[in-house]
Amino acid sequence: EVQLVESGGGLVKPGSSLKLSCVASGFTFSSYGMHWIRQAPKKGLEWIALIYYDSSNKYYADSVKGRFTISRDNSKNTLYLEMNSLRSEDTAMYYCAKHSPGGFDYWGQGVMVTVSS
Amino acid sequence: DIVMTQTPLSLSVAIGQSASISCKSSQSLKYSDGKTYLNWVFQSPGQSPKRLIYQVSKLDSGVPDRFSGTGSETDFTLKISRVEAEDLGVYYCCQGSYSPLTFGSGTKLEIK
């Protein structure tokens with residue numbers, strides 16, 4: 001059974017940093033690309049980042065480019081999202097998701113990030 | 001970026017009746033490999049999203065055959081026949097043909 005478990009969220013002040021983790025199990029993590037997707041409170045879904053299975057390519061939404069970094073450690077079956085210069089508009093539930101051609105087939109349960117002074 | 005427009009924004013349906021959600025993309029989703037990467041994603045209240053349908057009409061494992069997806073190019077439809085209480089929540093279309101992946105704004109299904 002595929003499981004994706006996010007952690008690392010919390011309440012932070014504007015301008016600060018935070019690093020999210022997503023531990024994967026139930027599939028060969030090193031063979032699949034992985035995504036981060038977020039959902040602001042009471043809002044829709046926004047894709048924010050993709051990393052290839054071997055970290056050879058990384059893609060970002062314009063809204064986070066230059067501030068967020070996606071990475072992975074295949075030896076630990078773990079995906080990361082390092083978030084810098086956080087803004088109030090980054091407040092959201094953050095989900096990791098397993099890549100499937102044309103999208104994502106499995107999602108984690110999400111981790112909440114709140115940016116507020 | 002490709003804009004995904006869903007209608008209606010909300011839908012109230014009695015148990016046992018059918019529901020239909022439309023999704024239109026701002027350009028054709030037919031990719032160079034001939035496939036159309038249009039997904040339907042469901043989020044029940046307080047839960048994380050779950051994919052229901054991929055490549056327009058292919059049901060994910062475990063998804064009841066009450067759900068069906070149709071469409072091509074820029075116009076797509078999710079149909080739920082015989083709505084059940086567990087179907088309440090928000091349905092999103094999502095295109096994966098072009099980067100960045102983009103979602104519709106969602107359709108909230110309520111049980112009448």
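A note on names: the letters A, B, ... follow the listed sequences, proteins ahead of strands, and every chain is numbered from 1.
- The aromatic rings of A/Phe104 and B/Phe103 lie parallel to each other, with less than 30° between the two planes, well short of the 60° mark.
- Aromatic ring pairs are classed by plane angle as parallel below 30°, tilted from 30° to 60° and perpendicular above 60°; the pair A/Trp107 and A/Tyr95 is perpendicular.
- For the pair A/Lys98 and A/Tyr106, the cation does not sit on the ring face, since its NZ or CZ is not both under 6.0 Å from the ring centre and inside 45° of the axis.
- Residue A/Ile37 touches chain B through its side chain alone, counting heavy-atom pairs closer than 4.5 Å.
- The shortest side-chain heavy-atom distance between B/Ile111 and B/Ile15 falls under the 4.5 Å cut-off.
- Residue B/Val90 does not touch chain A at all, counting heavy-atom pairs closer than 4.5 Å.
- Comparing B/Tyr98, B/Tyr92, B/Tyr54 by heavy-atom pairs within less than 4.5 Å of chain A, the highest count is held by B/Tyr92.
- The part of B/Gln43 that comes within reach of chain A is its side chain, from C-beta onward, which places non-hydrogen atoms under 4.5 angstrom from that chain.
- Taking 4.5 Å as the limit, every side-chain heavy atom of A/Tyr60 sits out of range of all side-chain heavy atoms of A/Arg67.
- When heavy atoms are compared at a cutoff of 4.5 Å, A/Glu46 approaches chain B solely by way of its backbone atoms N, CA, C and O.
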